[in-house]
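Input: a single structure, listed below in structure tokens.
The structure displayed is predicted, hence computed values, not measured ones.
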Amino acid sequence: MTDNAELLSIKALRPAHGGSCFAVHSDGRPVFIRHTLPGEVVNATVTKARARAIFADATTILEASSERQPHVWPEAGPGGVGGADLGHVKPHYQRTWKTEVIADQLSRVGGSQTYEHVLAQVGKHALSVQPATGDESGDLLHRRTRVDFEVSRNNRLAMTKHNSHELVEITDMPLADEAILDLDLFGDSPWQKFLRPGKRVRVIAPNDGGRRIVIGNQTFNARGRRVNDTATWSVSYRGHRTRFDVHTQGFWQAHRSAPKDLVRAVLDEARVRPGDRILELFSGSGLFSYFLAHAVGEYGRFVSIEGSAQAVRDADFNLRGLDAPRDVRHGQVNAQSIMQAWSDLEERPDLIVLDPPRAGAGKEILSTIGTILPERVILVSCDPAAGARDIRDLVSRGYEVTNFYAVDLFPQTHHVEIVTSFART
């Protein structure tokens, strides 16, 4: 069988990690089909065939699910760009879909013991994916305050096709905040005079400052004038509001409610006491750092480690004025840097907070945490498979899950954010 060579008539069985549905080919191989829903019978075109698995796109829906809706962004449908792989799924079922994937990954990747441990500690209801603030109803569009594009040979904004380097010029991006869409960026636009093929474009709509358009290494305001490379965001937690200045090419949560929702999830579980000693890993521009350091007060200690030099500069600026003794470090997060931070804290940390990249924390870091044995650990995971592995490894090192919170910060996509809390047994 060669790629794109076969048309399958097949029934989708269940959601699979990555935005597709699992099915079984007549020869017994697993098939992962995009643009379908569980229970649907579809004609699907094979996009990639391997000895152990087949990948396909649903092109004709023969028996449709009641949870299907017209795709919210047709340019991201079959054969189109990536970025909205659940756009054909009704909003409430998108969260059900992600809940099923989380349970599946905890069991398959974490193992049956991990899955049973989580259920025994927090109950099956805790796995249910919750809507972000403001997403309890509605169409789940216009939530993103940051979107990225490339530039086509015609000097128009474009995105790549799914699993391809081929660029597709786009005419709309309904997932983006209305403030971004109001800039008139698509097609033949006033911005074309700044665009050149091969450039990358980032558009940002901060909640506490003007819009920013980053073209290559240059940052513009909404009027097309060069400005400094900073976007300003405002976040509140329990009535305490602060501003964060973040480099326009740095990382900041894209969903408009994500910063405050994640701060609430982490800080509520952290239960920080004045005088605590806290170690934060993969600390970024200081979103959690600020509120953690504020909570420990002048008699506590706070140390963070982050691999991006620019993010560390941002965090150092964002934590200015706090009374807590703090040490914002630039360096690779590994066993050596964590052990050095433990030594410099002079006492066992009361809490370790870690927000690793999509691949997860990994065995080395979690083994080191198991050596230090802080009283509490909070793990933020942006991938269910990586999160399941990390949960398994922490449980195997003497921790029990005390809370599990999954929130849909990426509507219309398969992505989901998970905050898991642990206590030392």
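- Under 3.5 Å, the side chains of E280 and S289 contain a donor-acceptor pair of N or O atoms.
- Between D135 and R95, none of the side-chain N atoms (NZ, or NE/NH1/NH2) sits under 4.0 Å from a carboxylate O, so this pair counts as no salt bridge.
- Taking CH2 of W233 as the start and CG of D245 as the end, the distance is 11.5 Å to the nearest 0.5 Å.
- Expressed to the nearest 0.5 Å, how far CE of M173 lies from OG1 of T171 amounts to 12.0 Å.
- Checked by atom type and distance alone, the side chain of E400 never pairs as donor or acceptor with a backbone atom of T425 at under 3.5 Å.
- Salt bridge present: R273 and D350 bring a charged side-chain N and a carboxylate O closer than 4.0 Å.
- Judged by a 6.0 Å distance limit and a 45° cone about the ring axis, R326 is not positioned over the six-membered ring of F302.
- Within the 3.5 Å criterion, the main-chain N or O of F317 finds a donor-acceptor partner in the side chain of R320.
- Between E40 and R68, at least one side-chain N (NZ, or NE/NH1/NH2) sits under 4.0 Å from a carboxylate O, which counts as a salt bridge.
- Between the CD atom of Q253 and the OG atom of S285 there is a distance of 11.0 Å, given to the nearest 0.5 Å.
- The distance from the CD1 atom of I418 to the CG atom of L106 is 7.0 Å, given to the nearest 0.5 Å.
- The minimum heavy-atom distance between A58 and H35, with the atom names listed, is CB-O, 3.6 Å.
- Residues I369 and P374 meet the side-chain proximity criterion, which asks for heavy atoms closer than 4.5 Å.
- Other residues, nucleotides and ligands place no more than 12 heavy atoms under 6.0 Å from the CZ atom of R225.
- Using modelled atom types, one side-chain atom of R143 and one backbone atom of L141 make a donor-acceptor pair closer than 3.5 Å.
- Between E6 and R29 there is no salt bridge, since no side-chain nitrogen of the basic residue lies less than 4.0 Å from a carboxylate oxygen of the acidic one.
- If you run side-chain hydrogen bond (donor to acceptor under 3.5 Å, both in side chains) between S234 and each of K260, R243, R241, only R241 comes through.
- One distance of note links CD of E417 with CG of D383; it measures 10.0 Å at 0.5 Å rounding.
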